[in-house]
Amino acid sequence: MQKEVQYIKGVGPSRAKLLRTLGINTVMDLLYFLPRRYLDLTPLNFEQGSTDSVGAFPCVVTDYGYEVLTRSKIKIVKIPVTDGKRKGFAVFFNQPYMKNAFKPGDRLILIGKIKKSYGEYEILNPEWQKFDEINLSDYTKICPIYPLTRGLSQKILRKIIKNAFEEVLEVDEVLPPSLLNDYKLMPKLYALKNIHFPESWEKLKKAQERLAFEELLLFQLAMMVTKRHIMGEKRKNIYRDFDLKPFLKNLPFSLTEGQKKVVREIISDLKSERIMNRLIQGDVGSGKTVVASIALYLAAKNGYQGAFMVPTEILSIQHGATLKKYLEPLGIKVEVLKGDMPKTQKEEVLKGLEKGSIDVVVGTHAIIQDNIKFYRLGMVITDEQHRFGVRQREALVRKGYYPDVIVMSATPIPRTLALTIYSDLDISVIDTMPEGRQKVDTYVVDESMRERVYKFMEAEVKKGHQAYVVCPAVEESDTGLASVDEIGRELAENFPHLRIGILHGKMKAEEKDNIMKDFCAKKIDVLVATTVVEVGVDVPSATLMVVENAERFGLAQLHQLRGRVGRSNLKSYCIFITRSKDKNVRARLNFMMKTHNGFEIAQKDLELRGPGEFLGVRQHGIPEFKFVNLIKDLKVLETTKALATEIIKNDLLSNPEYMGVKKAVEEKLKII
Ligand code: ADP
Ligand code: MG
């Protein structure tokens, strides 16, 4: 299979060189060179065709071809044809030799877009095949279209690949026969054949599924093998006390159904023989913090310390305050560890953690530093997981003695993607919102509305509410993007009675904290900020979010920003300002006006931008999949994840039947 592509019929040295530019060196590369798309070549008559999509038209040549000069002085060749009923022309631009390519009576299949011009049909620059040249049984109604390089045509590449299949009689079947059988998977070679020359749309789909299945299974196994040291380990920390009554009594509200369901899942993890590794997903405002508090509460009640890691100092202060409120009346000691604490205070906290007199610590990645030691760290929680790398998460885990792990994600990640990125985690979703939440009225406006937006802001502040203005840039520059500096100045000049605050990532941690504290304490009316406010901050009396240059942000991010308001029973508003007139941009932003479900928004964002862009970071180690479509292949993802878990749990990789799988996983591990 590592045979060089030159040995295939139809490939000489010069074509081999062309193929190399496409990354095709071996015969196997050729079989794995995927069509970008497929044409539906179900035969159509002229009337059934359209100007929008390519069709296949069987027809007969009725007369000799001739040349015409168009009004714009382009030479074209017209070949008169009929589909049996209607008259039409095959029209070739800049190909004078086509004039003599056909003679009356020739039967052709023309492949192209068709349009009607002065009552006659024209098929423009069609691909064509003569009927007597094609073996009709060979004529595939689904035609692959490959990404090409100059000097290589679709026709030639198709022929080369066809020849390759004639020479390759078998390929390494990685999956054991029992799996192929159980999951009704096609043999690999047959699947590959159907990827290139599908016998039907059905078979094409099955073939794609078959290859995606193998690709994903190997990927998931590789991920699980690398992370085996933190997953699937036997539980060491024993839980006996699951009484939540004291906690719930101290809570000012009752849990939503979604929260209850996730709490049940956590409890069942803590009762199980395996260490917990759970991702909690929930839309902004769904109440993830309470659920985390319950896990920390249970840990403390059973004698284990908990650590809650958050991405920003502001959040650590907020979460610290929340946890203190929930836990300290119940005798659980909570401390916040800050980067810029006075030394003596910090040493107190460190000592408390080491001695075990502090039960719960909240902090940024400061809590994974080397000098921090725990007495008995049993519960590790990270909030806004996507901000942390896997390594930071693991560093925290290593500080404990086989701790249970919860990661929380506020960017709702579509299930397909979550299953892939977090293949080592079980996934819980808080799928209900606390009662009484109103949806945030959302508007997309252009510059002409700016003044009215400001007036509206003024009116909101008069009611005692607060507003955010989020800008894509910090300082003014020639990019023309709205900046915190500029908008802050403009507002201060025009509305001298408004108290304006400024917040961005270039400020010192202490400055940022002070501003945020002032905003929470209502000493600031309007906070002009960059996306640092995106993450999890809770200011219930903020009722207006204005986003400048909204087109610069992804949908999921806009949804996060919108989630900063509407956090109480006050009516809230979100206004996206954009200068863009682009139809697609407008459509994208308008989507936010009608949709308020974070998962739907995330799914749309993923479709629009693809997984890499969507996540914003590439540290997740998601490879470029060849056959897997992370947006569509949910079923395969779920099936292979369950199967991979089984394989690892039952140690099937050491089973001779799984030798091929094992070898392939080891190959994969080299590149992950
Ligand atoms: P997120 O999931 O975005 O992190 P938070 O945990 O910050 O959400 O919760 C958002 C707000 O909802 C908080 O003010 C919290 O007190 C409140 N909240 C959480 N759960 C409930 C509930 N079951 N009923 C009423 N309010 C709740
Ligand atoms: Mg949160």
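Indexing begins at 1, ligand by ligand and atom by atom, following the structure's order. As the structure is a prediction and not an experimental result, all values here were calculated from the model.
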inquiry  = Holding to ring pair (Phe, Tyr, Trp, His ring centres under 6.0 Å), I want the full list of residues that pass it with Y239, two or more places apart in sequence or in another chain.
reply    =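 Here the qualifying residues are Y304.
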Those residues that, when tested against F576, pass ring pair (Phe, Tyr, Trp, His ring centres under 6.0 Å) (two or more places apart)
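If we apply the ring pair (Phe, Tyr, Trp, His ring centres under 6.0 Å) test to F576, skipping adjacent residues, there are no hits.
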Which atoms of ligand 1 are found less than 4.0 Å from any heavy atom of [X]?
{"X": "G287", "answer": "1 (P), 2 (O), 5 (P), 6 (O), 8 (O), 9 (O), 19 (C)"}
{"X": "T256", "answer": "23 (N)"}
{"X": "L255", "answer": "23 (N)"}
{"X": "T289", "answer": "4 (O), 5 (P), 6 (O), 7 (O)"}
{"X": "S254", "answer": "22 (C), 23 (N), 24 (N)"}
{"X": "V284", "answer": "3 (O)"}

Indicate, as side chain, backbone, both or neither, the part of [X] found under 4.0 angstrom from ligand 1 when only non-hydrogen atoms are considered.
{"X": "E435", "answer": "neither"}
{"X": "M408", "answer": "neither"}
{"X": "D538", "answer": "side chain"}

Just so I know, are the side chains of Q318 and C520 near enough to count as touching, which here means a heavy-atom distance under 4.5 Å? yes
Exercise. Report yes or no: does a heavy atom of G282 sit under 4.0 Å from some atom of ligand 1?
Key: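 It does not, in that no heavy atom of G282 comes within the 4.0 Å cut-off of ligand 1.
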task = Answer yes or no for P540: is there a heavy-atom contact with ligand 1 below 4.0 Å?
result =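 It does not, in that no heavy atom of P540 comes within the 4.0 Å cut-off of ligand 1.
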* How are the rings of F247 and Y326 set relative to one another: parallel (under 30°), tilted (30 to 60°) or perpendicular (over 60°)? -> perpendicular
Check your understanding: Is the backbone N or O of I275 less than 3.5 Å from a side-chain atom of K236, with the two atoms forming a donor-acceptor pair by type?
Key ->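 Flag not set: sc K236 to bb I275 has no pair under 3.5 Å.
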Can we say [X] and [Y] salt-bridge, meaning some charged N sits less than 4.0 Å from an Asp/Glu carboxylate O?
{"X": "K260", "Y": "E257", "result": "yes"}
{"X": "R235", "Y": "D404", "result": "yes"}
{"X": "R499", "Y": "D518", "result": "no"}

